[in-house]
Visitor: 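This is the structure, below, for whatever I ask next.
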Amino acid sequence: MALSDLLLLGREADLGSERGVSCTGQLPAASDPSLVARAKAARETLGDRVLVLGHHYQRDEVIAFADITGDSFKLAQAAAAQPTAEFIIFCGVHFMAESADILTSPEQKVILPDLAAGCSMADMATLNQVNECWKVLEELGVADKTIPVTYMNSSAAIKSFTGKNGGTICTSSNAARAMRWALEQGEKILFLPDQHLGRNTAVASLGLSLADCVLWNPWKPMGGLTAQEIKAAKIILWRGHCSVHGRFTIDAVNEVRTRIPGVKVLVHPECQYEVVSSADVVGSTEMIVRTIEAAPTGSAWAIGTELNLVQRLAKNHPDKTIVFLDKTVCYCSTMNRIDLPHLVWAMESLVNNHLVNQIRVPAEVAKFSKIALERMLALP
Ligand code: 13P
Ligand code: SF4
């Protein structure tokens with residue numbers, strides 16, 4: 001079947017700015033008892049034409065149908081390494097689907113089962129704000145010594161800015177390598193948009209101090225900094241954060257250590273500096289999964305990351321004590337938007353030759369975003 005025969009339904013997202021939900025009224029009911037059977041049937045009919053990617057934070061009901069599960073780095077690699085699948089159904093959030101679209105061939109179509117699955121951190125850096133910041137760096141004569149390092153959790157427009165200005169993308173699993181690379185290319189880093197990942201990596205892996213970092217507030221003139229502070233800084237951190245990981249507290253770390261003697265605290269590097277520096281192990285979601293898999297029977301772990309993943313790890317490792325680090329933190333609401341009804345809807349639509357919720361990054365944005373993403377994939 002020619003792709004041109006496909007009827008395009010749903011709204012196409014542009015640059016991460018559209019958050020419309022296009023499937024209202026067409027979704028199977030969540031209570032439909034045949035949902036699992038419908039998902040299996042659609043998956044079987046689609047066969048090799050479809051690759052389903054599932055981020056570790058997805059619900060179990062979605063992970064059950066993922067061909068590959070992983071963190072954002074592993075899934076970006078998986079998308080780039082799949083030249084044959086006609087459709088990639090990305091069960092994750094919008095910026096991940098955009099990256100998959102950039103890294104796949106123009107013939108391949110990337111689908112996000114619910115367009116409302118965004119990321120609040122990615123929304124904390126807009127292109128206008130980043131351009132303003134860069135203009136200030138240019139006026140101060142430091143832009144040509146500054147290398148942008150942009151976390152995967154960003155819009156394609158910010159990735160394109162990064163590629164254009166000699167920078168690289170990073171994920172939580174390669175931020176240290178990306179920042180070391182950047183300091184070989186220039187003298188300073190503009191780290192976008194997660195202040196915590198940037199700060200934690202600069203201090204724990206690059207041997208820099210907190211005093212080497214400044215925080216750029218996009219809502220204040222000159223980022224709320226003086227010219228002298230900007231000139232002296234080694235790392236300019238963007239004032240963005242994850243609304244899930246940013247909520248874990250040092251009190252929760254202390255409380256769990258008292259409650260479960262011998263417990264090891266394992267957290268994602270998007271957590272605050274105080275939490276990360278008091279943890280026993282810090283790593284990306286894939287690293288968290290591997291750490292628990294390799295842990296000895298009887299060991300105890302308090303995990304500071306998204307709840308779906310922690311619950312799955314506890315269920316899959318009953319021989320270990322696994323608890324959620326902080327009672328006040330909950331699911332990532334946007335990751336959770338992808339559920340079985342949306343996945344069934346996306347797959348059954350394809351079976352019926354309807355392409356829905358395609359994520360398409362415009363060619364001029366994709367060009368430089370791809371350069372930045374490929375720099376990351378080529379990091380040693
Ligand atoms: P990973 O890079 O570990 O997949 O994390 C992505 C993310 O969104 C964490 O909040
Ligand atoms: Fe974004 Fe945080 Fe959700 Fe990850 S967990 S997708 S950074 S809001």
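Just follow the structure's listing: the first ligand is 1, and inside any ligand the first atom is 1.
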Visitor: Under a 4.0 Å N-O cut-off, is there an ion pair linking K109 with E86?
Guide: no
Visitor: Would you indicate whether E132, at its atom CD, is surrounded by more than 12 heavy atoms from other residues, nucleotides or ligands within a distance under 6.0 Å?
Guide: no
Visitor: Taking distance alone, no hydrogens or angles, what donor-acceptor pairs closer than 3.5 Å link side-chain atoms of residues 293-310 to residues at least two apart or in another chain?
Guide:
residue	atom	partner	partner atom	Å
T297	OG1	D319	OD2	2.9
S299	OG	P296	O	2.6
S299	OG	W301	NE1	3.0
T305	OG1	Y57	OH	2.8
T305	OG1	H245	NE2	2.9
E306	OE1	N308	N	2.8
E306	OE2	C332	N	2.6
N308	ND2	Y57	O	3.0
N308	ND2	N336	OD1	2.7

Visitor: Quick check for you: to the nearest 0.5 Å, what is the distance between K320 atom NZ and N316 atom CG?
Guide: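 One finds 10.0 Å between NZ of K320 and CG of N316.
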Visitor: Output, or 'none' if empty, a list of ligand 1-protein atom pairs in which both atoms are N or O and the distance is under 3.5 Å, rounded to 0.1 Å.
Guide:
residue	atom	partner	partner atom	Å
ligand 1	2 (O)	S72	OG	2.7
ligand 1	2 (O)	S172	OG	2.8
ligand 1	3 (O)	S172	OG	2.9
ligand 1	3 (O)	H268	NE2	2.9
ligand 1	3 (O)	T285	N	3.0
ligand 1	3 (O)	T285	OG1	3.0
ligand 1	4 (O)	H55	NE2	2.7
ligand 1	4 (O)	S72	N	2.7
ligand 1	4 (O)	S72	OG	3.4
ligand 1	4 (O)	T285	OG1	3.2
ligand 1	5 (O)	H268	NE2	3.3
ligand 1	8 (O)	N153	ND2	3.1
ligand 1	10 (O)	E270	OE1	2.9
ligand 1	10 (O)	E270	OE2	3.1

Visitor: For D280, check salt bridge (Lys or Arg N to Asp or Glu O under 4.0 Å) against everything at least two apart and list the hits.
Guide: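 In terms of salt bridge (Lys or Arg N to Asp or Glu O under 4.0 Å), with neighbours along the sequence ignored, D280 is linked to R257.
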Visitor: Indicate if M287 and L75 have the same hydrophobic cluster label, given that clusters are the connected sets of ILVMFWY residues with side-chain heavy-atom separations under 4.5 angstrom.
Guide: yes
Visitor: Begin from the C-alpha positions of F368 and F161 and carry the test side chain to side chain contact (heavy atoms under 4.5 Å, CB included) through to its verdict.
Guide: CA-CA 7 Å; F368 284 102; F161 160 89; over 6 Å; no
Visitor: Rounded to the nearest 0.5 Å, what separates atom OG in S349 from atom CD1 in I111?
Guide: 8.5 Å
Visitor: Listing by chain and number, which protein N, O or S atoms are under 2.8 Å from atom 3 (Fe) of ligand 2?
Guide: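 You should have found C332 SG.
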Visitor: Under the criterion side chain to side chain contact (heavy atoms under 4.5 Å, CB included), I'd like the reasoning laid out for L208 against C213: C-alpha separation, chi angles, the key distance, then a yes or no.
Guide: CA-CA 8 Å; L208 296 174; C213 308; 5.6 Å; no
